[in-house]
Amino acid sequence: MTKINLKDVLRTPKGTRDLLPEEVAVWQKIEERAREVAEYYGFRPIRTPHIEHTELFTASLGEASDVVEKQMYSFVTRGHDKLTLRPEGTAPIMRAYMEHGMRAWPQPVMLYYNGSFFRHENPQRGRYRELGQFGFEILGDDSPVADAMIIRMLTLVLEELGIKNFTVHINTLGDKECRGDYKKELVQYLRKKVNYLCKDCKIRLKQNPLRVLDCKDPNCAEIKAGAPQMIEYVCAACKSHFKEVLEFLDELGIPYLLDHALVRGLDYYSRTVFEIFLDEKKPEEKKKKKEEVKTENAEVTEAADAVKPQEKPALNIAIAGGGRYDYLGKMLSSKDIPATGGAFGLDRLTDAARELNINLARKKAPKLFLIQLGSHAKKKSLALAEEFRQANIPLAMSFSRDSIGSQLKIASRLGVGYVVIIGQKEAFDETAIVRNMEAGVQETIPLPRLLSYVKNKLKSK
Ligand code: AMP
């Protein structure tokens, strides 16, 4: 029998973590706000399985993508199916769109999702192997406004959470044809510098040269700063599509930077790609930056002026990302399904909300404390607590402490106005004692009248 290493077993697997009550509270608030925004703008919820056929991802994300190459949790089942824990949400949603004949629904189909995704990445700050994402997808629409709408949804959620210091990094990847022209130029340029590229980029140059632009290695950063820029090669149709997306963002006052190094690394992307970064700049600096950005936006074609990778402001971490994926439909079937989407990371947003001291988990302060003494009273109290919850009266109680003294102590520490006490006698008589904590007076009330009595007291307070 193999010996179990209890030290390991008693820890979450590498790259995963427990979310404790306080963190879950923040997480849930974020989900709640995002859901409100999504529903308000007409997005509808979808849930897809945590497992999918492995080929769904290999056929769509690209064999040479980091996700497929290094990060997927793939396995063969007892029934010999090749399955993968979903590393991302877009391909499954496109699969669902096709499987359920959503092409016959009124277009576009606007969906949102929320759940866990799995990537075997090297864990570090803000990078986990099980990660939460909340995403929006618009399928069956090729217009620039759909791209802007996705960005709007994501930034609205940030604003709703009180997060103001963010910047949308945005780029266009063009379409198949114009991207091909660009790739040729890029490869020509990179070949001249191949000896200075990092080991991974030497491979990328052969398999997926655009991904060299994604590399974080300082040597490669220098090389890519001098690389030809996509915007100079995109065709007129792609350029005008991109320009319109930017105009919508201008209209909505969403701060953005043209980022020529942004490629997003998955094969299904075309045209608009973006990532949203939280920055730590102070509001004054931020305003200045926004003005500079606006000037840049004025003429997309003058791309040489746009922000070069090494000039990126000191932004720390991507909180959301997405883009247009007009070719995904074709990759999975023969159908042309223009679509666009984006998702934010719940782990990073929860961490950011905590770092920024955004108190999302603020509960309504309890107005009432329920004291129960003895098991009979505790049983009565459970039903009572539910009555108060349904009446929307914030209530605190302690089921674990038996003495009235310790329960009263907690009640006074919480600063509640009233305490409801149910002892053995009261439980038997179907009554409760209501104590006014400030005045120190108390009254015995029959249980059927308790709710209305308490409501009146709280109203007159
Ligand atoms: P992506 O589509 O990979 O850009 O992911 C969208 C968002 O999900 C990112 O901007 C992050 O906020 C979040 N995210 C991606 N990968 C991870 C990870 N390994 N751990 C935590 N969050 C992640």
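In listed order, ligands and their atoms are each counted from 1.
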(request) Test Asp347 against every option in Arg17, Arg119, Arg129 by the salt bridge (Lys or Arg N to Asp or Glu O under 4.0 Å) rule and name the one that passes. (result)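 By the salt bridge (Lys or Arg N to Asp or Glu O under 4.0 Å) criterion, Asp347 pairs with just one of Arg17, Arg119, Arg129: Arg17.
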(request) Using side-chain hydrogen bond (donor to acceptor under 3.5 Å, both in side chains) as the criterion, list what pairs up with Arg211, not counting sequence neighbours. (result)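 side-chain hydrogen bond (donor to acceptor under 3.5 Å, both in side chains) check on Arg211 returns Asp66.
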(request) Tell me, yes or no, whether the heavy-atom count around Glu55 atom CD, taken from other residues, nucleotides or ligands under 6.0 Å, exceeds 12. (result)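 Result for CD/Glu55: open.
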(message) Is it the case that atom OH in Tyr196 sees more than 12 heavy atoms from other parts of the structure closer than 6.0 Å?
(response)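 Counting other residues, nucleotides and ligands, OH of Tyr196 stays at 12 neighbours or fewer.
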(message) Check Arg33 with Glu160, please: is the shortest side-chain N to carboxylate O separation under 4.0 Å?
(response)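 Salt bridge absent between Glu160 and Arg33.
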(message) Quick one about Gln390 and Glu386 (side-chain donor to acceptor, distance below 3.5 Å, no hydrogens or angles considered), yes or no?
(response)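 Judged by distance alone, the side chains do pair up.
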(request) Could you pull out every protein residue that has a heavy atom closer than 4.0 Å to ligand 1, ordered by chain and then number? (result)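 Ligand 1 pocket, heavy atoms under 4.0 Å: Arg119, Glu121, Gly126, Arg127, Tyr128, Leu131, Gln133, Arg264, Ala318, Ile319, Ala320, Gly321, Ala343, Gly345, Arg348.
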